[in-house]
Amino acid sequence: MESYGGPLARRLEVIGSCLEGEGVVSREVFLRLIDKTPREEYGDYGFPLMRFAGGRDLGEILSKVKGCVEALEISGVSLSIDRGFLNIRFNEYVIGREVISLYEKGWRVDVSKVGEADVKSIVVEHTSANPVHPLHIGHARNASLGDTLARMLKARGHRVVRRYYINDVGRQTAVVVYGFKILNATPRDVAAILKTKVDHAIGWVYALTHTAIDVVLARKNIVEEDLNLLVSTLARLRERGGRELADKIIEAVSSLEDPEVEVSKIMLRYEKGLEPEKSLVRSIAEAALEGFKETLEKLGVEFDYWDWESDIVWSGLLAGVLNELSKSGFTKIHKGAIALDTAAVVRSIVERDNVLRESIKLPRGFEVPPMVLSRSDGTTLYWTRDIAYSIYKFQQSKADKVINVVAVEQKLPQLQIRLALAAIGRVKEAANMIHYEYEMVNLPGRAMSGRRGEYVTLDELLEEAEARALLEVKTRNPNLDEETVRNIAKKVAASAIRFSLVQPGALKPLTFDTAKVLNFEENTGPYLQYTYARASNILEKHGPIKYELANPQTYSEPLRRNILITTLAYPMVSAKAADELRPEDLAAYLLKLADIFNKWYQKDSVIHEKDTEAREAKAVLVKLVKDTLSSGLTLLGVTPLERM
RNA sequence: GGGCCCGUAGCUCAGCCAGGAUAGAGCGCCGGCCUCCUAAGCCGGCGGUCGGGGGUUCAAAUCCCCCCGGGCCCGCCA
């Protein structure tokens, strides 16, 4: 049974149990639907009782529940009925007294943990950007969401493993290897010439090679792309990097009758694990990953495992899965190739399994297209490799649940992978593989494309944000030394970016306005950090809290009361956000809390309070806010700063 | 053609899944507040036919149907 803990949640749970005992509504539904009242005068929390009363007299239910609550010796809560709602008001004196004594005993503000029986082993796979171009703002959204989900679930008490899937098999790495072969240079050589990070150099070679190939193909009308556009892209890329290097690639590619032959050859040989392609691809991918790690570290994103797609192929895992699939009875010939008959899987497995059907959420009347399992030249396809990888993730981490943070445009393959798992009898895995989808990030006025080198890199963005934050921090803290200032600026910059990517719901298409994110008056990430710094500052000036002197009577003042009640909702709010995979709910809550605190800050000084009992009680509130923000911000990847 | 997502204040969004209390924030705009815990802040004001239309209900931003606008997917690409 779900339990949220903490002084507030404990009381709400009892009320829920009493309602359940009365046969009105289950405790679970009660806890799910209970919400803060829209207006203070109604009480603290409200529950739409009318919907569940089933014609019974609300007053009668109220008195029964009141009796039940009293019998269980729960104090500090009063209930009332108003316009069909069951309203709950907490007694700030009782609650405040409880908090003070909890703090005296060393209590810590934290996300409430799941019960021991509910602890799950969860894999979060995220970011997994192709190692052929630097990370851009879209990857940053993926990484921010993925890392935050991992942090929230871990804080909730689950065992969490973070995995990065390195897509080194396939055309994209073959293209970039081809480019480096022409140059007869390593990524590090090119990076030195271009004076950039190694992953940026790789991205440049990739875009250049890819576009040069497309020019050849467009000339022969094999691909339908605007030739003029391609040529101008090529020219732009040439200007951006080393012209000599660019010309070498362009000339070599143009001289070929069909550059695809070369690319295909590299791809085929790599998949077989043949040299020199094996070392070439690996060394380039590793160089790119080195660059990624540097970038991700700035954002505070870390991984437990880096999984190579090629290992899934070379280890024979994929061959085994393909074998299982072909014996499953669910394959058929589609357009001359062996394919998984996903529609048949739906009919004979999914529709007969309620759990699976619920989990997969197949649209009604939607015929899932078949899934071709391998190319006719014998090489594998990324989605079949991903089926094998999915099994690998479950097995390696003995996972109960695998969460894939993958862009919404991959919805269909993600669905097909689950159907494939079901087809080979891995129904449990199919039901527990979650596609956490997020919408793309657009730049104002243009589309992003790795193939064309059209992107704002995360490194550039971080650099710009740091520069702006540095100016700001310096003017505010003229006496701080250079290194401290620089560190604060870095944290502010990274936090601003992360928060802006995690605050809106993941399914909202995002237009990333660099200017807005970098404007710290508008961005709410730094606002939260600032609020935390204010709270820290007060406590620092106040010194150690004398809990024995703190008088909870003083919490009757409305603003103070509001802070008390709002902060105490944290264990519950953060737990819910984790369970529902909704970081945006946590973000909204923290903003609300910061608003309340800042409002209070303005008109009710703590350290200048003359009355000792009131001063200590107020300091307890500041500590509550500080601790809550500290925990919540950390989950969102926003670094709490004592000073900014 | 089929499927999914988004459409709420000038802008960015919350609320929709699990229908109820005067639809909320932030930014922007206008006007105020630093001899007093950091003004990255606070106070006040302006601003909404919740894309449109129908239906269900005592009650609809929320559920159902139709339509409109934007995005994504339907590949022997990743």
Side-chain angles (χ1 to χ4, degrees), chain A residues 29 32-33 35 37-39 41-42 46 48-51 82-85 87 128 130 132 167 169-173 309 334-339 361-369 372-386 407-413 415 437 439-440 442 450-451 469 472-473 476-477 492 496 500 503-505 507-511 513 516 519-531 533-542 580 584-585 587-588 591-592 594-595 597-609 618 622 643-644:
Chain A
V29 170
R32 198 167 62 206
L33 294 187
D35 205 1
T37 58
R39 300 171 68 80
E41 67 237 43
Y42 297 141
L49 185 61
M50 168 115 68
R51 250 161 64 194
D82 186 8
R83 275 171 276 183
F85 279 83
N87 287 331
S128 305
N130 285 337
V132 293
N167 298 111
V169 182
R171 188 157 253 112
Q172 78 283 5
T173 46
E309 190 180 21
H334 174 72
K335 292 184 184 169
I338 296 173
K361 280 186 257 150
L362 205 65
R364 263 178 319 179
F366 173 60
E367 184 90 345
V368 186
V372 172
L373 293 173
S374 57
R375 291 197 187 93
S376 40
D377 68 359
T379 58
T380 59
L381 289 155
Y382 108 91
W383 48 78
T384 47
R385 297 190 291 266
D386 216 349
V408 67
E409 57 189 11
Q410 294 205 42
K411 201 176 180 110
L412 182 58
L415 169 69
E437 31 186 353
E439 267 289 353
M440 301 309 291
N442 298 300
R451 287 182 353 253
E472 192 79 14
V473 179
R476 285 160 193 282
N477 302 281
V492 170
S500 70
Q503 187 193 4
L507 283 177
K508 283 276 180 188
L510 212 62
T511 300
D513 191 331
K516 278 194 175 173
N519 179 347
F520 301 125
E521 306 262 333
E522 287 186 44
N523 191 302
T524 38
Y527 167 69
L528 289 171
Q529 289 178 303
Y530 178 69
T531 307
R534 275 182 148 181
S536 299
N537 199 32
I538 293 173
L539 288 181
E540 196 191 312
K541 296 205 165 143
H542 175 274
E580 294 173 8
E584 65 270 31
D585 289 354
L591 283 170
K592 187 80 209 156
D595 287 346
F597 176 75
N598 281 316
K599 190 179 268 197
W600 178 55
Y601 177 95
Q602 209 68 28
K603 50 175 82 162
D604 194 7
S605 177
V606 175
I607 64 172
H608 296 112
E609 170 67 59
K618 286 203 250 177
V622 178
R643 194 186 178 97
M644 68 184 280

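In what follows, every chain begins at residue 1, and chains take the letters A, B, ... in the order their sequences are listed. Because the structure is a prediction, the values reported are computed rather than measured.
The glycosidic torsion of B/rC34 lies within 90° of 0, which places this base in the syn conformation.
In this entry the distance linking CG of A/Leu412 with C1' of B/rC5 reads 15 Å, nearest Å. Taking atom CZ on A/Arg476 and atom P on B/rG41, their separation rounds to 8 Å, with Å as the unit. Following rounding to the nearest Å, A/Phe597 (CZ) and B/rA25 (P) show an atom-to-atom distance of 20 Å. In this structure, CZ of A/Arg39 is placed 17 Å from P of B/rG20, rounded to the nearest angstrom. Between the NZ atom of A/Lys592 and the C1' atom of B/rA25 there is a distance of 7 Å, given to the nearest Å. Per the geometry, CD belonging to A/Glu609 stands 18 Å off P belonging to B/rC36, to the nearest Å. For the pair A/Leu362 CG and B/rG3 P, the computed distance is 12 Å after rounding to whole Å.
Using a 4.0 Å heavy-atom cutoff across all strands shown, A/Asp604 reaches at least one base atom of the nucleic acid. Using a 4.0 Å heavy-atom cutoff across all strands shown, A/Val606 reaches at least one base atom of the nucleic acid. Within the 4.0 angstrom heavy-atom criterion, base atoms lie near A/Ala337. Within the 4.0 angstrom heavy-atom criterion, no nucleotide atom of any strand lies near A/Met440. The residue A/Thr37 sits close to a base: some heavy atom pair falls under 4.0 Å. Counting non-hydrogen atoms under 4.0 angstrom, A/Asn87 reaches a base of the nucleic acid. The residue A/Leu507 sits close only to the backbone: its heavy atoms come under 4.0 Å of sugar-phosphate atoms, none of a base. Residue A/Glu309 is out of contact with every strand shown, counting any heavy-atom pair closer than 4.0 Å. Within 4.0 Å of A/Lys603, counting heavy atoms only, lies no atom of the nucleic acid at all. Contact annotation for A/Gly505: backbone-only contact, meaning every heavy-atom pair under 4.0 Å involves sugar-phosphate atoms and none involves a base. Within 4.0 Å (heavy atoms only), A/Val473 reaches at least one base atom of the nucleic acid.
Annotation: B/rG19 and B/rA60 have their P atoms spaced 14 Å apart (nearest Å). A gap of 11 Å separates the P atoms of B/rG3 and B/rC67, to the nearest Å. When the P atom is used for both B/rG15 and B/rC58, the distance is 28 Å, rounded to whole Å. A gap of 31 Å separates the C1' atoms of B/rG71 and B/rU56, to the nearest Å. Between B/rC63 and B/rC6, the distance separating the two P atoms is 10 Å to the nearest Å. Nucleotides B/rG53 and B/rC43 have their P atoms positioned 37 Å apart, rounded to a whole Å. Nucleotides B/rG48 and B/rA9 place their C1' atoms 5 Å apart, quoted to the nearest Å. Going from the P atom of B/rC11 to that of B/rC29 covers 15 Å, rounded to whole Å.
When distances are taken from the side chain of A/Arg32 to each of B/rA78, B/rA18, B/rA21, the shortest belongs to B/rA18. With B/rC73, B/rC76, B/rA78 as the candidates, the nucleotide lying closest to the side chain of A/Asn167 is B/rA78. In the set B/rA40, B/rA78, B/rG2, the nucleotide with an atom closest to the side chain of A/Phe366 is B/rG2. Side-chain proximity of A/Asp595 to B/rC73, B/rA40, B/rA25: nearest is B/rA25. With B/rC6, B/rA21, B/rC76 as the choices, the nucleotide that has an atom nearest any side-chain atom of A/Arg83 turns out to be B/rA21. In the set B/rC13, B/rA40, B/rC77, B/rC13 carries the atom at the smallest distance from any side-chain atom of A/Lys508. Set against B/rC76, B/rA21, B/rG71, the side chain of A/Ser376 has B/rC76 as its closest nucleotide. Residue A/Arg51 places its side chain closer to B/rG20 than to any other of B/rG20, B/rC36, B/rA14. Distance from the side chain of A/Pro504 is smallest to B/rC13 among B/rA25, B/rC13, B/rA18. Considering only the side chain of A/Glu472, B/rA40 comes nearest among B/rG2, B/rU22, B/rA40.
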For this session: Begin with the C-alpha distance, continue with both residues' side-chain angles, and end with the deciding distance and a verdict on side chain to side chain contact (heavy atoms under 4.5 Å, CB included) for A/Val372 and A/Ile338.
Result: CA-CA 6 Å; A/Val372 172; A/Ile338 296 173; over 6 Å; no
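Of the side-chain N and O atoms in A/Arg451, none sit less than 4.0 angstrom from OP1 or OP2 of B/rC77. Close to B/rG41, at under 4.0 Å from its OP1 or OP2, lies no side-chain N or O of A/Lys599. Here A/Arg375 reaches the OP1 or OP2 of B/rA78: one of its side-chain N or O atoms lies under 4.0 Å away. Distances shown here put every side-chain N or O of A/Tyr382 at or beyond 4.0 Å from the OP1 or OP2 atom of B/rA78.
Evaluation of A/Phe85 against the base of B/rA21 yields a stacking contact (centre distance < 5.5 Å, interplanar angle < 30°). Under the stacking definition used here (centres under 5.5 Å, planes under 30°), the residue A/Tyr601 fails to qualify as stacked on the base of B/rG41.
Here A/Lys508 does not pair with A/Glu439 in a salt bridge; the nearest charged N to carboxylate O distance is not below 4.0 Å.
Residue whose closest nucleotide on RNA chain B sits further toward the 5' end, between A/Ala469 and A/Pro38: A/Pro38. Between A/Ile538 and A/Leu33, it is A/Leu33 whose nearest contact on RNA chain B lies nearer the 5' terminus.
Taking a pair to require two hydrogen-bonding distances under 3.5 Å in either a Watson-Crick or a G-U wobble arrangement, B/rG75 remains unpaired. As the counterpart of B/rU56, no nucleotide is assigned, since no Watson-Crick or G-U wobble pattern has both distances under 3.5 Å. B/rC11 is paired with B/rG26 under the Watson-Crick or G-U wobble criterion, all donor-acceptor distances under 3.5 Å. Searching all strands for a Watson-Crick or G-U wobble partner of B/rC37 with both distances below 3.5 Å returns nothing. B/rA18: no Watson-Crick or G-U partner with both key distances under 3.5 Å is found in any strand.
Rounding to the nearest 0.5 angstrom, the gap separating the CG atom in A/Leu415 from the CH2 atom in A/Trp383 is 13.5 Å. Taking CD from A/Gln529 and CE from A/Met644, the interatomic distance works out to 5.0 Å, rounded to the nearest 0.5 Å. Rounding to the nearest 0.5 angstrom, the gap separating the CG atom in A/Asn477 from the CD atom in A/Glu472 is 10.0 Å. How far OG1 of A/Thr37 is from CG of A/Asp82: 10.0 Å, rounded to the nearest 0.5 Å.
Between the side chain of A/Ser605 and the base of B/rC36, no donor-acceptor pair of N or O atoms lies under 3.5 Å.
Put simply, the side chain of A/Leu591 reaches to within 4.5 Å of the side chain of A/Gln503, judged on heavy atoms.
Both tests pass for A/Arg534 against the ring of A/Tyr601: distance under 6.0 Å to the centre and angle within 45° of the axis.
Side chain to side chain, A/Gln172 and A/Tyr382 fail the donor-acceptor criterion of an N or O pair below 3.5 Å. Between A/Asn598 and A/Tyr530, the side chains place no donor N or O within less than 3.5 Å of an acceptor N or O (distance only, hydrogens not considered).
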